[in-house]
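Heads up: numbering here begins at 1 and tracks the sequence. Everything numeric in this text was worked out from a predicted model, so none of it was measured. Because only heavy atoms are used, hydrogens play no part in the values below, and waters and symmetry mates are left out as well, while side chains stay in.
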Amino acid sequence: MDARSMWLYRLYYSNTCQWILSFTIFLILFLAFIETPSSLTSTADVRYRSPPWDPPCGLTESIEGLCLLVFVADVSVKSYLVGWAQFQKNLWLLAYMVVLVVSLMDWIVSLGLVCQEPLRIRRLLRPFFLMQNSSMMKKTLKCIRSSLPEMASVMLLLALHLCVFTMFGMLLFTGEKQDHGQDRERLIYFRNLPEALTSLLVLLTTANNPDVMTPAYSRNRAYAIFFIVFTLIGSLFLMNLLTAIIYNQFRGYLMKSFQTSLFRRRLGARAAYEVLSKTAEGEAHPQRVGVKPQDFLQVLQKVQLDSAHKQAIVEKVCSYGDDLLSADEFQKLFNEFDKRVIKEHPPRPEYGSPFLQSAQFLFSHRYFDYLGNFIALGNLVSVSVFLVMDADVLPEDRDDFVLGILNCVFILYYVLELLLKVFALGLPGYLSYSSNLFDGLLTVVLLVLEISTLAVYRFPHPGWKPEMLGLLSLWDMARLVNMLIVFRFLRIIPSMKLMAVVASTILDLIKNMRAFGGILVVVYYVFAIMGINLFRGVVVAPPGNGSLAPDNSSAPCGSFEQLEYWANNFDDFAAALITLWNVMVVNNWQVFLDAYRRYSGPWSKLYFVLWWLVSSVIWVNLFLALILEHFLHKWDRRTHLQSLAGDQETSYQMSVELLFRCMIEEGASAWPLQGGRVRQGGVGGRASSVTLMLSTSCRHLAALLQP
């Protein structure tokens, strides 16, 4: 806790250093798009793809070497700050060191072999740099790990379910006496054990339903019972049971994790209180212990904090007056960090004329917004009507005279609306609304396109028909941009309660998707690199390098070749990501299983099934658990942070941590000390260790506050 260490600590967690670290992580992950095999081609289709650009040896390796040096500095600073004893206990830091050593060794091998090595192990390790830099991603991974035993039990039931019905299906469709329907079922879907198991696994995702049932069902309707029972047990019962388990484990583990975080937070606040507290003597406050507001504000000025939160805390401290802050009041100050204070809009301009005041009131009223939405609706209806009317008319026979006049009228109204709102709200007030920013930008773009259209094609007249110059004409571009007016109707969402709940849930999900999106990036990255190493070059263009004819009997109906899925390959990183996405959606994923079985071997099914388990089963259900928790919390109005919303004028916006705050027990751990002694009954039975932790926190904070 010396001055040098504290300086290094503050420097490491400064915005500049953290931005450099985040950019380095992004850069090393992005290298996969440009290093060999490069994704810098216009198409991934093996029939039309041009030879990709291969960077010279040493170009991407130099960038990667600089990134690895930044990571070496990062782990060195972290190790120095936490100390050797803590470093030995921290598995993430130890793994960080191992990954860096392996990556550097593999990097040196690449340079020694002049970038001709067949396998780059360090590419598989790159996502680790993203995971170790996010505490929320670590918590999510621990949540998944804690859910594995329960998920394994359901997986075992699924495997048993698949095996039993596979055996039963093979016996049912491979008997001695077979009719035509049974024979087709056997030859297509139950030819052998691996094919039968694959067919039923795909049926578990309903991707090949009712194709897998049709041959036998068309012969005898009783065969439908086999497939219906299999789908009911597997898809509707076991898969949904797996979703419930993941949701329960996700919710329980995160709540436990945030309970621990709250305990540490309360302990740190208590340590700060012990350091800053003083005893006031006098008749008004005999022997009262508390923190002087002046001392607190002096410390606050040294804290790296955004201005909105700092201002909110200053106002909260000033509201208590000049009296000493009690322990409870001091603790409540830290609740301001949970608030995202909505900034006030700038004051409107003041006009002296009664006429201008009336006009300002009129054009700033919400009914003026309703009028604008109504005009925008008319704009969309007119464009839609003309699209329907011109659907069967050849482009050279169309007459855009009426639509051109209407488009001019609507754009003139949007410009007039913009000017009137600026008059009523003032330019700062107009720009303070995000909806106005969108409308203003859209209006400016439409105005520029309309002026350019009139300059090139002149004013609309009977028989007016703008010519296409390049990919789109200016007229078509204006119509496309005009369709963005539909987003104006998002303003009506707050006035509809049910829709507002759904919309706020979506917004909160977007704001708190970094950890879950990071997990998805990690699994996509790892599987894409694995796919490139396993399947690069196995999909080869057909003879003649052209599209197969529809009547070509060599391509079975519904096959990879007949559907022209040639762009779904693992020849480069971008193509691998798209292929994995298509498999994750599980629509027609049996086509990929069959194609890569023929191109590379039956073992390829293990790769795609494993990807299905990780992406569609685990991650999608984890994402569903997050959606459920957000929506249920929004729907139950009684859980809207009543303990934190003591001041009604401040609005709260949900974060992942705050989702569970209403269910977290404060207990005795919030302020475990009274009169300098330990009060029993802390969270998780840890009150006996509070004295040591508190004394350590007080020493650290005292060193932090020293000039």
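Between F592 and Y596, the ring center distance fails the sub-6.0 Å criterion.
Considering only heavy atoms from C-beta on, L31 comes within 4.5 Å of I34 through its side chain.
No side-chain donor-acceptor contact under 3.5 Å links Y189 and N208. Using modelled atom types, one finds no donor on one side chain facing an acceptor on the other under 3.5 Å when comparing R597 with T198. For the residue pair T205 / W589, a side-chain donor-acceptor distance below 3.5 Å is found, with atom types taken as modelled. Side-chain contact check for Y96 and D74: at least one donor-acceptor pair (N or O, by modelled atom type) lies under 3.5 Å.
Using bins of under 30°, 30° to 60° and over 60° for the plane-to-plane angle, the ring pair F573/F33 lands in the perpendicular bin. Using the six-membered ring where Trp is involved, F560 and Y599 have ring planes that are perpendicular, over 60° apart on the 30 and 60° scheme.
The closest donor-acceptor contact from the side chain of D594 to the backbone of Q590 lies at 3.5 Å or more, if one exists at all. In terms of modelled atom types and a separation under 3.5 Å, the side chain of Y607 and the main chain of F527 share a donor-acceptor contact.
Judged as a salt bridge (Lys or Arg N to Asp or Glu O under 4.0 Å), the pairs with a partner in residues 567-587 (not counting sequence neighbours) are, in order, R49-D571. The salt bridge (Lys or Arg N to Asp or Glu O under 4.0 Å) pairs that include a residue from residues 33-46 are E35-R120, E35-R123, E35-R126, D45-R47, where partners are two or more places apart or lie in different chains.
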**Asked** Hey, mind stepping through Y223 and F227 against ring pair (Phe, Tyr, Trp, His ring centres under 6.0 Å) and telling me if it holds?
**Response** CA-CA 7 Å; Y223 286 122; F227 298 99; 8.2 Å; no
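Under a cut-off of 6.0 angstrom, the local environment of CZ in F168 is sparse, with at most 12 non-hydrogen atoms contributed by other residues, nucleotides or ligands. The environment of OH in Y80 is crowded: more than 12 heavy-atom neighbours from other residues, nucleotides or ligands sit within 6.0 Å. Other residues, nucleotides and ligands contribute more than 12 heavy atoms inside 6.0 Å of the CG atom of L119. Within 6.0 Å of CH2 on W92 lie more than 12 heavy atoms contributed by other residues, nucleotides or ligands.
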